[in-house]
Amino acid sequence: MRSLKKNFSRGIVRANPIFILLLGLCPALAVSTSLDNAVGMTGAFTFVLLAANIIVSLLREQIPDRVRIPVFIVIIATLVTIVDLMLQGFVPVLSESLGMFIPLIVVNCIILARAEAFASKNGMIDSIADAVGIGVGFGLAMLSISLVRQLFGTGSLDLFGRHLFTIPPLADNPVVFFLLPMGAFFVVGILLALFRWMGVSRSE
Amino acid sequence: MSNLIAIFFSMALINNLVLVNFLGLCPFFGVSKKLSSAFSMGVAVLLVMLVASAVTWPIFHMLLEPHGMEFMRTVIFILVIASLVQIIEMTIKRTNLTLYNALGIYLPLITTNCAILGVAFINIDKTYGFLESLVAALGAGAGFTLVLIIMSGIRERLDLADTPQAFMGTPISLIVATLLGLAFLGFGGMI
């Protein structure tokens, strides 16, 4: 039970994929313009990671060691195709705004890294805990980046069509810079430095 | 002809792979510490990107599309690119050992580089023809190399600068990328 808890909590802070390990930055920067996108991306990412970890951990005795990487990639690519088609079918708006970054989950280094480093060496239950932990960590990072970008870029916060609040002076003169691609680099850079300054993560 | 030139500059400068499309960020932050390795990485990416586009275009338009199997593109493309990188690596090792020693360690990393797969998808999504896809790949690769070289030049100087403790390493690189991206916005009026 204790190891389960450890595997789960590792991905959230100590080995946060985005802020500590700096893996999978591409989707984190590209689709973090709004909270909706962040939630959608986290959902798609966590599903693929969870399913890949379960399948790999179940098949770990059967997969020959020499061809394990190609096998992992095929498993992940198949799962990504499933997610891509599901999103296109059920939430076309979200699928449209996430665009290319859904199929690109396949080359997300975090998922392959977890399959190789964790799921291929541990049982199913531990792999599930690991995947959910990493998913939560990824989601928290995505939410914090997109919260800053949406708040400063539009002056108000919306989540799936429901209006949360508006800051009037900011909504009249939104800082469009935050919605531009450069804004993403800026926000992540500042957040990283902030976490180091607060002592959550260590400096280089 | 002017169309091809427009595609080249659009991919290289205006819609720069790294700064605007957020593709290939891992090598952008990982391999941009030294100028020489940044150049090798850029050339390796350019090479693989060109070959990958030349191979994935016919596969999609002649094999998948006629059979209505467009949904298989993610699986097929990643397999093709992974094996392509292996073939390129072996070919370079056999034919040019100097080049292999310079590029060798970067080639395997390219398989999981989202820039290669991303450009293959962009070519399909923008319904480029075969020649246009090649030019787009060339432009994207050239833009990637350019930004990587600029970034490594800045980071070599940055090592000597007095950076605040919390900003050392990646955070300051992200801030530099911000400024670089703002500068590249200026190319927007070109076409």
Side-chain angles (χ1 to χ4, degrees), chain A residues 19-32 69-70 73-85 88 99-113 177 180-199 201-204, chain B residues 15-30 70-79 81-83 86 108-122 124-125 163-185:
Chain A
F19 287 136
I20 311 286
L21 304 179
L22 297 168
L23 290 174
L25 276 178
C26 299
L29 291 166
V31 298
S32 59
I69 300 286
I73 290 183
V74 173
I75 292 172
I76 296 169
T78 312
L79 292 166
V80 168
T81 309
I82 294 172
V83 170
D84 195 14
L85 293 176
Q88 277 175 26
M100 209 170 59
F101 286 92
I102 291 295
L104 282 181
I105 293 178
V106 73
V107 279
N108 194 310
C109 3
I110 309 168
I111 296 178
L112 190 62
F177 166 76
L180 290 176
M182 297 90 231
F185 286 122
F186 184 73
V187 170
V188 176
I190 295 289
L191 285 179
L192 272 180
L194 192 67
F195 288 142
R196 284 185 183 175
W197 182 70
M198 295 190 323
S201 54
R202 254 180 301 147
S203 301
E204 282 168 32
Chain B
N15 293 313
N16 188 282
L17 220 51
V18 179
L19 297 174
V20 178
N21 282 326
F22 298 112
L23 295 174
L25 288 178
C26 301
F28 180 64
F29 290 115
E70 286 94 338
F71 63 89
M72 283 296 283
R73 66 176 192 174
T74 314
V75 183
I76 304 279
F77 280 15
I78 190 72
L79 282 178
I81 289 170
S83 31
Q86 290 273 303
L109 290 176
I110 291 177
T111 315
T112 52
N113 184 337
C114 46
I116 310 286
L117 194 61
V119 170
F121 285 152
I122 289 176
I124 305 292
D125 289 343
T163 318
Q165 181 76 35
F167 273 97
M168 287 232 209
T170 320
I172 195 72
S173 311
L174 282 156
I175 305 293
V176 169
T178 313
L179 299 174
L180 211 55
L182 282 174
F184 267 68
L185 267 189

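Numbered from 1 within each chain, the chains take letters A, B, ... in sequence-line order. Computation of the quantities below employed the complete heavy-atom set of this structure, encompassing side-chain atoms and omitting hydrogens, waters and symmetry-equivalent molecules.
In this structure, chain A has a heavy atom under 4.5 Å from the side chain of B:Leu185, while its backbone stays farther away. Heavy atoms of B:Leu79 lying under 4.5 Å from chain A belong exclusively to its side chain. Of the two parts of A:Leu85, only the side chain, counted from C-beta on, holds a non-hydrogen atom closer than 4.5 Å to a non-hydrogen atom of chain B. Neither the backbone nor the side chain of A:Ile76 comes within less than 4.5 Å of any heavy atom in chain B.
A distance of 6.0 Å or more separates the ring centres of A:Phe101 and B:Phe121.
Looking only at heavy-atom pairs under 4.5 Å with chain B, the residue among A:Ala77, A:Gly183, A:Ala184 that has the most is A:Ala77. Listed options B:Leu25, B:Leu180, B:Asp125, B:Val18 were ranked by heavy-atom pairs under 4.5 angstrom with chain A; first place goes to B:Leu25. Contacts with chain A were tallied for B:Val176, B:Val75, B:Ile76, B:Asn21; B:Val75 has the most, counting heavy-atom pairs under 4.5 Å.
Closest heavy-atom contact between A:Val107 and B:Cys114: CG2-CB, 3.4 Å. The heavy-atom pair separating A:Leu192 from B:Pro171 by the smallest distance is CB-CG, 3.8 Å. Smallest separation of non-hydrogen atoms from B:Phe22 and A:Ala30: CD1-CA, 3.4 Å. Listed here is the closest heavy atom pair of A:Arg196 and B:Thr170: NH2-OG1, 4.4 Å. When all heavy atoms of B:Ile175 and A:Phe186 are compared, the closest pair comes out as CD1-CD1, 4.0 Å. The two residues B:Ile122 and A:Met100 come nearest to each other via the heavy atoms CG1-SD, 3.7 Å.
Annotation: the span from B:Phe167 atom CZ to A:Ile190 atom CD1 amounts to 4.0 Å, rounded to 0.5 Å.
A heavy-atom distance below 4.5 Å is found between the side chains of B:Leu182 and A:Phe177.
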request  = Give the C-alpha distance, both sets of side-chain angles, the deciding distance and a yes or no for side-chain contact (heavy atoms from CB on, under 4.5 Å) between A:Val80 and B:Ile78.
outcome  = CA-CA 12 Å; A:Val80 168; B:Ile78 190 72; over 6 Å; no
